[in-house]
Student: 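Take this structure first; my questions come after.
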Amino acid sequence: MELDSLKDIWNEVGNKPVQSSNNEQIVEMLNKSSQSPIAKMKRNLRWELATVILLFAPIAIFYFIAFGGKFSVIAWMYIGLLIFFAAYFYYKNKLLSEMQCAACMVKSNLELQVKTLEKLVRFYLIAGTLMVPLLMIWLWLILYNRLPSLQNSFHFWPSAGVPLFKTGLIWLVILLFFSIFFYFPNKWYIYKLYGRHIAKLKSILSEMEEE
């Protein structure tokens, strides 16, 4: 069995100085026995980066051109988000590449790298969940302040006589509910792209440690 072979290599490396050839065997067996989870995560990462560029870049260009550039601040916001995602994807891709490095200290570093990857994915889940409602608030504030004609149409329930601070609380509750609702499909999406592959790596490492 491939996992048994991986355990033998792991134990052999643990009993003598680490050699590059042993590390190469570990990386090769790890990828084979788990159906290359690291390679799959790297492909998913590239696909996500391409999707973000295709979504954010046209929106940024639109707000630079439309309305006479009056809402260029929105364009810069999307450019900032694009830079943030690019930096995040670069760091995660670098980590995944290091996990495939046969010349590295696989036995001493692989567990730490998996834990770091888990933290990155957890951060991605939280940031992605909060990003949508925060963007909605920020965009509404810009539109409300820069388009006076919208101030009356966006006034909340004027006929009901609801005070502004109570209206704010109502919309805050709505956004909170929306964030919670969005959290679960976002969690499923991230698990499908990364979480299940991390689980495979952790399962193999756990069995190797038990052996």
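Nothing fancy with the numbering, it's 1 onward along the sequence.
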Student: With clusters defined by side-chain heavy atoms of hydrophobic residues (ILVMFWY) lying less than 4.5 Å apart, directly or transitively, does Phe85 cluster with Ile79?
Tutor: no
Student: Determine, stepwise, if the pair Phe182 / Phe177 fulfils side-chain contact (heavy atoms from CB on, under 4.5 Å).
Tutor: CA-CA 9 Å; Phe182 180 71; Phe177 174 79; over 6 Å; no
Student: Could you state whether Leu49 and Phe84 fall into the same hydrophobic cluster, counting links through intermediate Ile, Leu, Val, Met, Phe, Trp or Tyr residues with side-chain heavy atoms under 4.5 angstrom apart?
Tutor: yes
Student: Side chains of Arg196 and Lys200: closer than 4.5 Å at any heavy-atom pair?
Tutor: no
Student: Is there a path of hydrophobic side-chain contacts, each under 4.5 Å between heavy atoms of I, L, V, M, F, W or Y residues, that connects Leu55 with Leu82?
Tutor: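 Result: yes, single cluster for both.
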Student: Distance from His197 atom NE2 to Arg43 atom CZ, nearest 0.5 Å?
Tutor: 8.0 Å
Student: In Å and rounded to the nearest 0.5 Å, what is the NZ to CG distance from Lys119 to Leu95?
Tutor: 11.5 Å
Student: Nearest 0.5 Å, what's the NZ-CG distance between Lys92 and Leu96?
Tutor: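 Rounded to the nearest 0.5 Å, the NZ-CG separation comes to 7.5 Å.
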Student: Given the rule that I, L, V, M, F, W and Y join up when any side-chain heavy atoms are under 4.5 Å apart, are Leu134 and Ile142 in one cluster?
Tutor: no
Student: Angle class for the Tyr78/Tyr63 ring planes (parallel below 30°, perpendicular above 60°, tilted otherwise)?
Tutor: parallel
Student: At what distance, to the nearest 0.5 angstrom, does CZ of Phe181 lie from CG of Leu176?
Tutor: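 Reported value, rounded in 0.5 Å steps: 14.0 Å.
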Student: Going through the checks in order, is the side-chain contact (heavy atoms from CB on, under 4.5 Å) test met by Leu125 and Val121?
Tutor: CA-CA 6 Å; Leu125 171 62; Val121 171; 5.8 Å; no
Student: Are Ile38 and Gln113 packed together at the side-chain level, in the sense that at least one heavy-atom pair is separated by less than 4.5 angstrom?
Tutor: no
Student: What's the spacing between Thr129 OG1 and Met131 CE if we round to 0.5 Å?
Tutor: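 With rounding to 0.5 Å, OG1 (Thr129) is 9.5 Å from CE (Met131).
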Student: Kindly indicate whether the side chain of Met41, heavy atoms from C-beta on, has any atom under 4.5 Å from the side chain of Leu117.
Tutor: yes
Student: Do the side chains of Tyr191 and Phe184 join up, straight or via other hydrophobic residues, at under 4.5 Å, putting them in one cluster?
Tutor: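 No; tracing contacts between hydrophobic side chains, which count when under 4.5 Å, never links both residues.
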Student: Between Trp76 and Phe64, how do the two ring planes meet: parallel, tilted or perpendicular, split at 30° and 60°?
Tutor: perpendicular
Student: For Phe62, is the CZ atom crowded, meaning more than 12 foreign heavy atoms sit under 6.0 Å from it?
Tutor: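 Yes, CZ of Phe62 has more than 12 neighbouring heavy atoms, counting only those of other groups under 6.0 Å.
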Student: Run the numbers on Met77 and Leu139 for side-chain contact (heavy atoms from CB on, under 4.5 Å), then give the verdict.
Tutor: CA-CA 10 Å; Met77 179 200 68; Leu139 288 173; 4.2 Å; yes
Student: Check this for me: Trp138, atom CH2, are more than 12 non-hydrogen atoms of other residues, nucleotides or ligands nearer than 6.0 Å?
Tutor: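 Enclosed.
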Student: In this structure, are over 12 heavy atoms from other groups packed under 6.0 Å from Tyr189 atom OH?
Tutor: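 Enclosed: over 12 neighbouring heavy atoms sit under 6.0 Å from OH of Tyr189.
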Student: With the side chain counted from C-beta on, respond yes when Tyr194 and Leu120 share a heavy-atom pair under 4.5 Å apart, and no when they do not.
Tutor: no
Student: Mind listing the closest non-hydrogen atom pair of Ala60 and Ala75 along with its distance?
Tutor: O-CB, 3.2 Å
Student: Heavy atoms, side chains only, cut-off 4.5 Å: are Leu135 and Leu81 in contact?
Tutor: yes
Student: Roughly how far, to the nearest 0.5 Å, is NZ of Lys187 from CZ of Arg122?
Tutor: 10.5 Å
Student: Before giving the answer on side chain to side chain donor-acceptor pair (under 3.5 Å), spell out for Tyr90 and Lys94 the whole-Å C-alpha distance, their side-chain angles and the decisive distance to 0.1 Å.
Tutor: CA-CA 6 Å; Tyr90 170 80; Lys94 181 180 178 183; 5.1 Å; no
